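Notes follow the structure.
Counting starts at 1 for both ligands and their atoms, following the listed order. None of these values were measured; they are calculated from a predicted model. Excluded from the calculations below are hydrogen atoms, water molecules and symmetry mates; all remaining heavy atoms, backbone and side chain alike, are included.
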Amino acid sequence: MRGTMMDFPLTLVPMLERAGKLFGGVEVVSQRPDRSIARCTYADVYRRTRRLARALELAGIGRGDRVATLMWNHAAHLECYFGIPVAGGVMHTLNLRLHPNDLAFTANHARDRFLIVDDVLLPVYESFRAQVNFERVFVAPFGGAAIPREFEHYEDFLSAADDEFEYPELEENEAAVVCFTSGTTGKAKGVVYSHRALVLHSLAECIDGTFGISHGDVILACSSMFHANGWGLPYTAAMMGAKLILPGPHLDAEGLLDLIEREGVTLAAGVPTLWIGVLQALENNPGRWKIARPLRIVSGGAAVPEALFRGLDRFGIRVRQIWGMTETAPMASMGTIKSTLAGCSEDQEYKIRAKQGIPAPFVEMRVMCPEGEAPWDDKTFGELEVRGPWVAASYLDAPETGDRWSKDGWFRTGDVATIDPEGYVRIVDRSKDMIKSGGEWISSVDLENALMGHPAVSEAAVIGVPHPKWQERPLAVVVAKKGAEVKAEDLLLFLADKFAKWQLPDAFIFASEIPRTSVGKFLKTKLREEYANWEWK
Ligand code: AMP
């Protein structure tokens with residue numbers, strides 16, 4: 001029997017309508033570059049978003065036309081998140097931290113027609129302006145400085161439109177957003193998200209065990225809106241009518257804690273490095289912040305060290321790990337503890353939490369090794385492959401990348417992983433970060449996580465460096481906590497009972513910081529370049 005249920009397209013339109021009509025009184029809070037706060041409500045966002053959609057329609061943006069944004073996390077970007085796709089266009093979030101050449105490449109490759117740019121990001125636009133050709137450029141007054149006359153003012157663009165917007169009849173598989181991978185090697189690749197993928201991803205973010213977002217949440221979205229849909233949080237928050245805090249350009253630990261305290265945040269999300277900083281700020285300033293409501297943190301984008309779970313637990317802050325990629329919209333796994341494991345010891349529980357979790361509903365994961373699919377034995381490792389309704393089926397106009405998908409349609413992630421008998425995935429490493437020493441593999445992630453468990457260590461990144469005898473050997477770059485002192489011998493002693501001797505780093509470099517990617521992860525390619533000619537003693 002077919003046709004018994006309505007064929008109701010899963011698009012962003014009903015999500016926007018809900019936000020405006022049911023949750024009009026709920027606040028959306030934006031932190032400006034000078035740290036002052038701008039408050040509006042979903043009713044304002046709704047009205048302005050429809051205005052934007054109408055303005056785009058009047059300006060000739062048709063179905064599938066790309067409109068780029070170059071913006072921080074704030075309310076006007078939220079308007080773009082909805083306004084461009086509900087007008088039938090495709091929002092391309094330009095990653096403002098990319099090199100100018102890469103920014104130009106992504107804008108040209110996506111064939112962006114218009115650009116909406118924050119006033120404070122005009123210098124970034126200027127850095128690649130000569131290489132691109134947008135038909136129109138609108139400048140959003142985020143920082144409050146005068147907008148040069150040569151540009152169109154975003155507010156004028158909105159006010160010139162009327163309130164007559166009518167949604168086009170969108171199909172759920174139409175493109176809504178394009179985002180490029182951060183591409184630390186090779187050219188960035190475009191992932192095009194459909195309306196349907198974004199809707200289903202938002203619903204999945206409401207499941208207890210993922211982000212568990214509910215109406216009563218106050219969400220601090222520290223995941224950049226210029227990367228991987230801001231982890232989908234802007235969409236899910238609007239759909240659920242949860243108060244949304246957008247921190248603008250400021251992601252320093254003390255500033256985040258101020259926002260958490262002041263706004264009554266219940267859920268904060270972002271990469272682990274942010275929370276490492278938050279933990280240190282809490283440890284260094286006892287009693288400074290009163291966190292009145294239970295706070296949970298969802299962290300991903302890089303492995304979450306076990307020490308971070310333990311450390312923040314001491315402050316009553318519960319961290320949960322998720323795993324995902326630009327290609328998976330991004331959330332694909334959930335760091336939940338299954339009810340059947342509830343009786344395990346505290347140490348076992350931390351071990352489980354430090355894994356990347358079980359697949360989210362409708363996402364399937366498998367580990368492939370040369371012999372075929374790896375057993376769920378927690379030991380056999382190979383490349384992690386995924387499939388599901390919000391996993392990319394191809395890259396934008398890049399037929400040469402077809403080999404990233406297996407013959408039977410799974411996406412090859414490039415991550416090396418194991419799966420345990422309970423179905424928990426553990427990311428051993430990014431395949432290119434695995435260290436091969438004397439024919440045996442060493443996981444840089446395991447060493448990093450262990451090192452970050454040392455009380456004097458703030459951050460640690462481990463890379464494989466060419467070695468005349470062993471092919472590669474691990475070298476650790478370590479940042480000590482403020483005021484703490486640590487020596488290589490201490491660290492070797494600390495690691496001794498956790499690793500075989502041959503797995504231990506042969507060199508420790510003490511540095512003041514670790515280079516980062518555009519979205520705050522350790523930039524290991526830079527470290528590898530820096531230490532390529534390291535002379536082993
Ligand atoms: P991106 O597409 O820039 O978001 O990067 C995706 C990559 O980040 C994945 O392929 C992983 O290598 C890494 N990643 C994301 N989440 C985690 C996690 N929880 N643990 C370890 N690595 C992660």
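When each atom of ligand 1 is checked for a heavy atom of T326 under 4.0 Å away, the hits are 1 (P), 2 (O), 3 (O), 4 (O). Taking every heavy atom of Q356 and a limit of under 4.0 angstrom, the matching atoms of ligand 1 come to 18 (C), 19 (N), 20 (N), 21 (C). Those atoms of ligand 1 with a heavy atom of A303 less than 4.0 angstrom away are 18 (C), 20 (N), 21 (C), 22 (N). Numbered from 1 in the order shown, with element, the atoms of ligand 1 that lie under 4.0 Å from a heavy atom of Q321 read 18 (C), 19 (N), 20 (N). Distances below 4.0 Å separate heavy atoms of H227 from the following atoms of ligand 1: 1 (P), 3 (O), 4 (O).
Heavy-atom distances between A228 and ligand 1 stay at or above 4.0 Å for every pair.
For I322, every heavy-atom contact with ligand 1 shorter than 4.0 Å involves the backbone, none the side chain. Only the side chain of D415 comes within 4.0 Å of ligand 1, counting heavy atoms alone; its backbone N, CA, C and O stay farther away. At a heavy-atom cutoff of 4.0 Å, ligand 1 is contacted by no atom of S299, backbone or side chain.
Contacts of A500 classified as side chain to side chain contact (heavy atoms under 4.5 Å, CB included), with partners at least two apart in sequence or in another chain: W502, Q503. Residues that satisfy the side chain to side chain contact (heavy atoms under 4.5 Å, CB included) test with E373, not counting sequence neighbours, are R366, M368.
A ring-centre distance under 6.0 Å is found for Y395 and W405.
Side-chain polar atoms of D429 and W441 form no donor-acceptor pair below 3.5 angstrom. Side chains of Y350 and D313: a donor-acceptor N/O pair is present below 3.5 angstrom, by distance only. N101 and Q131 share a donor-acceptor pair across their side chains, judged by distance under 3.5 Å alone. For S406 and D408, the side-chain atoms include at least one donor-acceptor pair closer than 3.5 Å. S518 and H227 are not linked by any side-chain donor-acceptor pair at a separation below 3.5 angstrom, with hydrogens and angles left out of the test.
Of the inter-residue distances, the one linking L279 atom CG with S458 atom OG reads 9.5 Å to the nearest 0.5 angstrom.
When hydrogens are left out, the protein atom nearest atom 13 (C) of ligand 1 is G301 O, 3.5 Å; that is the closest non-hydrogen contact. Protein heavy atom closest to atom 10 (O) of ligand 1, with residue, atom name and distance, is R430 NH1, 2.9 Å. At the top of the distance list for atom 7 (C) of ligand 1, counting protein heavy atoms only, stands K521 NZ, 3.6 Å.
On a distance-only criterion, G300 and ligand 1 share no N/O pair closer than 3.5 Å.
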